[in-house]
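In what follows, a single structure is set out as structure tokens and then discussed.
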Number of protein chains: 2
Amino acid sequence: MAPPLEPDNSVRVWPVRLVIARCQVDYAGRLTAHLPFATRLLIVKADGSVLVHSDDRSYKPLNWMSPPCTLVEGVDRHGEVEWVVEARNGDTLRISIQEIVSDSSYDLGIDPGLQKDGVEKHLQELLAQHPGSLAEGLSLVRREFPTAIGPVDLLCRDIEGASVAVEIKRRGDIEGVEQLTRYLELLNRDPLLSPVRGIFAAQEIRPQARVLAGDRGISCATVDYDALRGMDDPTVRLF
Amino acid sequence: MAPPLEPDNSVRVWPVRLVIARCQVDYAGRLTAHLPFATRLLIVKADGSVLVHSDDRSYKPLNWMSPPCTLVEGVDRHGEVEWVVEARNGDTLRISIQEIVSDSSYDLGIDPGLQKDGVEKHLQELLAQHPGSLAEGLSLVRREFPTAIGPVDLLCRDIEGASVAVEIKRRGDIEGVEQLTRYLELLNRDPLLSPVRGIFAAQEIRPQARVLAGDRGISCATVDYDALRGMDDPTVRLF
DNA sequence: ACGTTGATTTCGTAA
DNA sequence: TTACGAAGTCAACGT
């Protein structure tokens, strides 16, 4: 789908189109699906994708077509307006429109996109740089230490030279403790590493996780993300 | 959020609200995320959920809040309109609105919902009725045959009376073959069943899965869903 | 209410 | 390009 041309042939940003319409929808692709007639919100995005939303069940549309795809507006056998949205692989979305309540378009321009911050990965980088903030005298052996069931976030050594496995989460939940438990069990089979103890590190540790960790002999460390970031970049400390 | 009251105190269906606005968005919950100022589509659904869409990257919103949540419209420290959407668990979505391009609401009413067809469960039902379409003379012993690691989709007997385990997927991938392999290993320990061979059945089988299956001595069967459905309902054959 | 599993998953990253 | 794993996964189903 090429962007629309203005009367003077200038290229304009393809707008997002919002349609409120009474419609029925049929999808044929990986599965077959049908939506009976009802009033819905139809969104045609700049990339050609189409979303069919009801007023609940967020955030997934009732039905949709992912880009790249083409939209052809035509008339069905009942003489009603029909949108046929087709993907390269033959997936087809047919929208029969009985009545249009509203139809408007807007240029949104290019979106700078989402900036994710404070994710596990960044926490891991910061803690790898400052393992001492987890326990006195802790030093890093390796980040993403490989095991057969996946990499351990941090493998460290404590002040007495004993191995310490660290699992890092933004929010410490039971599943994170379970994960660390599995790693510890595996690591402790290695006579070169054993005994390995565990530290569960998170910005926030839920009570249930804390209890489970205690039961497993795993220590918990709440991480001050902002403080760590301050240690990471000395210029921040000036303010 | 209670539905709005009309001047005569009658309760009205809460409408979906569409706003085109230049805004910035901050999310704090499982992660922290930021959207710089740009013009976007904001959708407030009847169930209170909020979606922030750009004009591409369907169908997932750039940012969102799932129900149940509450939206409070206020003013931020810069004197600009700010929506604060908060969930029970403390997750917060802050939308600072610099300029509203459009703001409209519509009553969509209740949606009858999506009717899906062709999912794994339905495939399993159809193949259970017509095991012969997988291999000549195959007959069903039991659907969802229980094992210690979960139920096998179909347990059959071939024309010579030998056991056959069938794993059904819509799209045959490596993990499906692995799953069937685990079942076969377990089933073959049972002297009453052994030897058990495997059939990997799917509407579409990926090359890698086919190779792995061959390597494990598992046969593959691509399933013609429409043909099966035709067999399922005799009236269809009249056309 | 909770856990498990499938999904038209989507989305990122590393190989 | 493909494969693998995580996701603010979501959503349906069984216990």
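Chain letters run A, B, ... following the sequence lines, proteins first and then strands; every chain starts at 1. In this text, all values refer to a predicted model and were calculated from it rather than measured experimentally.
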* **Sidechain-backbone polar pair: B:Lys45 side chain, A:Asp56 backbone, donor-acceptor under 3.5 Å** => yes
* Structure fact -> Residue pairs passing the ring-ring contact (aromatic ring centres under 6.0 Å, His included) test with at least one member in residues 33-71 of chain A, sequence neighbours excluded, are A:Tyr59-B:Trp64, A:Trp64-B:Tyr59
* What nucleic acid atoms does B:Met65 come within less than 4.0 Å of, heavy atoms only: base, sugar-phosphate, or nothing? -> base
* Pairing pattern in dot-bracket form [Watson-Crick, G-U; both distances under 3.5 Å; | = partner strand] for DNA chain D -> |||||||.|||||||
* Nearest-0.5 Å distance that lies between atom CZ in A:Phe145 and atom CG in A:Leu187 -> 6.0 Å
* Nearest 0.5 Å, what's the CG-CZ distance between B:Asp153 and B:Arg142? -> 12.5 Å
* A:Glu167 and A:Arg216 ion-paired at < 4.0 Å -> no
* Whole angstrom is fine here: how far is it from CD in A:Glu167 over to P in D:dA6? => 10 Å
* Asked: More than 12 heavy atoms of other residues, nucleotides or ligands under 6.0 Å from CZ of A:Arg94: is that the case?
  -> no
* Asked: For the pair made of CD in B:Gln179 and P in C:dT5, what is the distance, rounded to whole Å?
  -> 9 Å
* Asked: Could you give the CG-to-C1' distance, from A:Asp56 to D:dA12, as a whole number of Å?
  -> 15 Å
* **Atom-to-atom span, CD of B:Gln115 to C1' of D:dA11 - whole angstrom** => 17 Å
* Evaluate whether atom CD1 of A:Ile100 has more than 12 neighbouring non-hydrogen atoms of other residues, nucleotides or ligands under 6.0 angstrom away. => yes
* To do: Using atom CD of B:Glu144 as one end and atom C1' of D:dG14 as the other, report the distance to the nearest whole Å.
  => 11 Å
* Asked: How long is the line joining CD of B:Gln124 and P of C:dT5, in whole Å?
  -> 15 Å
* Nearest-Å distance for atom pair CG/C1', residues B:Asp91 and D:dC10 -> 15 Å
* Min side-chain heavy-atom separation A:Val19-A:Trp83 under 4.5 Å -> yes
* Structure fact -> In 5'-to-3' order, the base (B), backbone-only (S) or no-contact (-) status of each nucleotide in nucleotides 10-15 of chain C, using a 4.0 angstrom heavy-atom cut-off, is SS----
* Could you give the CG-to-P distance, from A:Leu31 to C:dG6, as a whole number of Å? -> 16 Å
* Flag, side chain of A:Ser219 to backbone of A:Gly198, donor-acceptor distance under 3.5 Å -> yes
